[in-house]
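Chain letters run A, B, ... following the sequence lines, proteins first and then strands; every chain starts at 1.
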Amino acid sequence: MQSLMDQFFNLEIMAKALPLMLSGLWMTAKLCAAVIVLGLGGGLVVALANVSPRRWLRFPSIVFTDIFRALPPLVLLIFIYSGLPFAGIEISPFAAVALAFLLNNSAYYAEVYRAGILSVGKGQWEAARSTGLSQTQTLTSVVLPQAVRNVLPDLLSNTVEVVKLTSLASVVSLSELLYTANMARSITYNASPLVLAALIYLVILWPVVRLVSRFQRRLAA
Amino acid sequence: MQNFLHTFFDPNVMARYLPDVLSGMMVAIWIGAAVVVAGVTAGLALACLRTYRIAICDVFIICFADIFRALPPLVLILLLYFGLPGVGVRLSGPVVLFVVLSLTLAAFAEEIFWAGFSSIEKGQWEAGISTGLGFGGTLVYVALPQAVRLAIPPLVNRVLAITKMTALGSVIGVLEILSAATTAQSFSGSATPLSLAAIAYLVLFLPLVFAARMFERRREQSLGR
Amino acid sequence: MVSRPMLEIVSLQKCFGDNVILRDINLKVAQGELVFIIGPSGSGKSTMLRCCNRLEEPSGGDVIVDGRNIMSGTRRDLDLMRLKVGMVFQGFHLYPHMSVLNNVTLAQRKAMGRTAEEAKARAMDMLERVGLAHKADAMPAQLSGGQQQRVAIARALALDPLVMLFDEPTSALDPELVGSVLAVMKDLKAKGMTMLVVSHEMGFARETADRVIFMDGGVVVEEGAPDEIFGAPKAERTQAFLSRVTR
Ligand SMILES: Nc1ncnc2c1ncn2[C@@H]1O[C@H](COP(=O)(O)OP(=O)(O)OP(=O)(O)O)[C@@H](O)[C@H]1O
Ligand SMILES: [Mg+2]
């Protein structure tokens with residue numbers, strides 16, 4: 001029991017690791033900001049292409065989402081980080097992570113947006129068009145606001161996944177939360193920093209997860 | 001162009017490392033299949049348990065589901081793999097991967113099945129109970145089939161997302177596709193093995209993506225959208 | 001001859017928290033009798049019916065079915081009792097994932113222990129009786145409301161109940177579909193089923209009911225033959241209620 005506490009809940013070691021991990025947390029925050037914004041934006045573009053009546057837009061967007069839903073994000077990240085230099089493109093860890101997750105998250109956010117856009121009935125389009133709004137105006141001022149509201153819980157739950165995903169950046173030595181925790185672990189030979197990292201993730205994400213559950217009580221039949 | 005092809009799709013390198021990647025695929029399939037069976041079964045069992053509305057059980061299940069949905073699996077993987085030996089428990093990489101992914105899937109599956117149960121109207125339970133099926137009988141024959149049916153589309157999505165995470169095994173030395181590829185990459189000095197890995201994952205997971213899409217589209221149609 | 005009642009409700013009470021819904025309900029229903037229950041919305045008609053098979057747990061009092069007190073006994077006894085007390089809901093509550101036939105055989109097989117063949121034979125008899133044998137293989141969603149309700153009746157009948165409880169069986173139906181369900185109920189009555197019916201179909205009550213009960217404020221305010229209650233209600237509250245519902 002004592003050894004268990006020592007190995008996983010050693011407060012002394014946690015305290016020592018904290019400054020390093022706080023800098024990691026700051027990096028995680030920046031990373032989250034970047035990948036969430038990129039994902040939300042990229043996803044919207046892909047989703048709009050996906051619901052477009054024009055086939056030459058729809059088809060690539062379907063291929064895009066399918067491929068990036070099938071590829072594990074870590075594989076994508078390694079491919080970009082270790083593969084691109086072979087093609088003469090040097091890329092920083094941060095940029096590699098941002099690019100990999102832009103591709104991956106756009107595919108997932110796109111699916112959410114798409115469901116949202118489809119949940120807005122045809123009647124809304126027709127009503128807006130009949131009042132003289134253009135296609136684009138209808139989309140931006142009538143359909144999208146409703147679409148986003150309808151899928152807010154799913155957007156939120158996808159964002160939780162995006163935040164969790166940033167932990168993969170540790171694999172390409174980006175010094176975010178998990179990377180710094182693991183570093184502290186390897187220096188101290190003690191798992192407490194990893195426990196601390198887990199606790200930090202919990203503190204941040206548990207409330208959001210709870211909120212998502214609140215929202216998503218029922219499944220559509 | 002020639003150069004690009006040579007860097008990313010060198011046939012010699014491909015032929016040389018294909019066996020490694022194939023055996024990596026087998027490892028991914030085995031672990032993935034075990035995770036799906038264990039995770040979905042556990043999630044379903046927990047959701048069923050929750051229908052009994054035993055307060056203490058509910059608290060436990062909700063906390064379990066919340067925690068394992070909030071924690072990044074990689075954190076848990078490192079924690080178990082590097083932390084447990086310090087207290088004298090040494091789990092192999094594949095076992096750690098299996099345990100973490102199963103728990104994660106169980107947490108998500110529980111929430112999905114529970115949402116399925118919550119979507120069934122009370123009258124269904126009352127009909128079953130009033131015909132003498134009892135709570136257990138109504139659960140098994142009336143509520144469960146309906147909950148499972150509602151759960152399948154989101155569940156397929158989640159299964160896909162979590163089985164893909166077998167790639168995380170590369171971080172703790174599980175010889176799955178990605179670790180086979182990165183090893184091959186450093187030996188061969190070519191990016192081709194990475195392409196090979198990407199192709200291997202597409203082969204494995206595109207069918208699941210198609211299945212997931214089929215279920216979603218079917219539901220959209222049944223909703224009359 | 002003094003026969004014992006098929007269903008007897010003795011000083012039944014039910015409260016939800018501080019809210020007393022049933023104060024003191026006493027009622028005897030003889031074998032083959034159809035008792036029709038009326039009362040304002042929220043007067044506890046559904047609650048009383050649901051206490052008769054303990055879908056709602058009574059707060060006090062007893063319910064005796066065919067001489068057996070349903071308030072005592074094991075959980076298994078409770079399920080066996082529920083086989084003997086059929087219930088038909090306003091919302092039908094057919095199982096949407098099963099064919100009509102399986103809806104009717106499920107409890108026969110899983111709760112009564114009948115074999116698949118026995119259950120099927122019995123189910124087809126009952127579906128025949130409600131005029132829907134030809135729909136045995138349909139799914140509930142393919143049926144009209146009236147047809148669904150008749151299947152729900154067949155589902156309860158297939159368990160050989162001693163008493164049938166109906167909670168507003170026609171309230172969710174389009175007017176033109178009400179007749180088919182009432183016809184089935186009339187036929188049941190003619191064949192000697194003991195029935196407790198909550199409904200707004202006053203015409204049906206006049207024709208078919210042996211007795212009408214008016215409930216309000218958690219008690220039985222007045223009871224009597226349909227002609228007495230509808231023609232010359234004694235209690236003021238009954239008069240007020242009837243003048244409101246019969247325009
Ligand atoms: N589960 C419950 N919890 C709390 N209150 C309840 C519950 N079920 C019923 N009630 C209350 O009990 C009262 C009686 O309800 P009940 O459904 O028995 O009335 P009713 O006579 O069937 O009315 P209606 O004609 O509208 O069907 C209502 O005030 C209702 O709000
Ligand atoms: Mg009622």
Side-chain angles (χ1 to χ4, degrees), chain A residues 3-4 6-8 62 65-67 69-76 78-79 82-87 108 111 115 118-119 121 160-161 163-168 170-171 178 181-182 185-186 189-192 194-195 197-198 201-202 204-206 208-210 212-213 216-221, chain B residues 3-4 7-8 62 65-67 69-76 78-79 82-84 86-88 111-112 115-116 118-119 150-151 154 157 160-161 164-168 170-171 177-178 181-182 185 190-191 194-195 197-198 201-202 204-206 208-210 212-213 216 219-220 222-223 225:
Chain A
S3 77
L4 204 71
D6 255 14
Q7 172 69 354
F8 291 104
I62 292 175
T65 43
D66 280 2
I67 286 183
R69 282 173 79 191
L71 276 182
L74 184 57
V75 173
L76 199 56
I78 301 286
F79 189 89
S82 316
L84 284 191
F86 284 93
Y108 278 91
E111 286 294 296
L118 292 182
S119 75
V160 171
E161 295 305 304
V163 172
K164 286 160 63 178
L165 217 51
T166 59
S167 63
L168 297 194
S170 61
V171 179
L178 181 56
N182 200 33
R185 186 228 13 118
S186 64
Y189 293 103
N190 186 292
S192 302
L194 287 174
V195 172
Y201 278 112
L202 271 187
I204 299 169
L205 292 179
W206 194 339
V208 190
V209 166
R210 206 71 307 273
V212 170
S213 275
Q216 288 174 328
R217 261 301 123 71
R218 306 182 124 242
L219 292 177
Chain B
N3 205 357
F4 174 84
T7 308
F8 288 96
I62 292 170
D66 279 6
I67 289 172
R69 286 183 305 152
L71 280 179
L74 188 55
V75 176
L76 289 167
L78 295 184
L79 196 52
F82 293 116
L84 284 183
V87 291
E111 276 300 299
I112 291 171
S118 308
S119 312
L150 290 171
N157 265 328
L160 172 63
K164 264 164 48 173
M165 290 183 194
T166 49
L168 296 181
S170 62
V171 178
I177 303 168
L178 185 58
T182 47
Q185 178 228 319
S190 155
L194 296 178
S195 312
Y201 275 104
L202 289 180
L204 277 187
F205 287 107
L206 270 181
L208 261 175
V209 171
F210 292 148
R213 239 236 316 272
E216 274 158 32
R219 189 171 57 167
E220 276 162 16
S222 75
L223 288 178
R225 285 170 186 166

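Heavy-atom distances place both the backbone and the side chain of A:Val195 under 4.5 Å from chain B. The contact between A:Val160 and chain B is made entirely by side chain atoms (from C-beta outward), counting heavy-atom distances below 4.5 Å. In this structure, the portions of B:Val75 lying under 4.5 Å from any heavy atom of chain A include both its backbone and its side chain. For chain A, the nearby part of B:Leu160 is the side chain; its heavy atoms alone come within less than 4.5 Å. Contacts between A:Leu168 and chain B at a heavy-atom distance below 4.5 Å involve backbone atoms as well as side-chain atoms. Residue contact with chain A, scored on non-hydrogen atoms closer than 4.5 Å, involves the backbone and the side chain of B:Leu84 alike. Looking at B:Ser190, the atoms closer than 4.5 Å to chain A (heavy atoms on both sides) all sit in the backbone: N, CA, C or O. Looking at A:Leu4, the atoms closer than 4.5 Å to chain B (heavy atoms on both sides) sit in the backbone and in the side chain alike. In this structure, the portion of B:Leu178 lying under 4.5 Å from any heavy atom of chain A is its side chain and not its backbone. Proximity to chain B (any heavy atom under 4.5 Å) is shown, for A:Tyr189, by neither the backbone nor the side chain. Interface residue A:Val171: only side-chain heavy atoms are found under 4.5 Å from chain B.
Rounding to the nearest 0.5 Å gives a distance of 9.0 Å between OG1 of A:Thr166 and CG of A:Leu178. Atoms CE and NZ, from B:Met165 and A:Lys164 in turn, are 6.0 Å apart once rounded to the nearest 0.5 Å.
With 3.5 Å as the limit, one finds no donor-acceptor pair spanning the side chains of B:Asn157 and A:Glu111. Under 3.5 Å, the side chains of A:Ser213 and B:Glu111 contain a donor-acceptor pair of N or O atoms.
Put simply, of A:Ser186, A:Pro85, A:Ser170, A:Gly83, the one with the most heavy-atom pairs under 4.5 Å next to chain B is A:Gly83. The candidate with the highest count of non-hydrogen atom pairs below 4.5 Å against chain B, out of A:Ile78, A:Thr65, A:Leu76, A:Ile204, is A:Ile78. Contacts with chain A were tallied for B:Leu76, B:Leu74, B:Leu204, B:Ile62; B:Leu74 has the most, counting heavy-atom pairs under 4.5 Å. By number of non-hydrogen pairs under 4.5 angstrom with chain A, the leading residue of B:Gly86, B:Ser170, B:Ala161, B:Ala212 is B:Gly86. Per-residue heavy-atom pair counts under 4.5 Å with chain A were compared for B:Pro72, B:Ala181, B:Ala191, and the maximum is reached by B:Pro72.
Of all heavy-atom pairs spanning B:Ala70 and A:Leu205, the tightest one is O-CD1, 3.1 Å.
The aromatic ring centroids of B:Phe8 and A:Phe79 lie less than 6.0 Å from each other.
The backbone N or O of A:Ser192 sits nowhere less than 3.5 Å from a side-chain atom of A:Gln7 that would complete a donor-acceptor pair. A:Asn182 places no side-chain N or O within donor-acceptor distance of the main-chain N or O of A:Leu194, the cut-off being under 3.5 Å.
Stacking of A:Arg69 on the aromatic ring of B:Phe205 is not recorded, the 6.0 Å distance cut-off and the 45° axial limit not both being met.
A search for side chain to side chain contact (heavy atoms under 4.5 Å, CB included) contacts involving B:Phe210 returns A:Asp66, B:Leu206, B:Arg213, not counting sequence neighbours.
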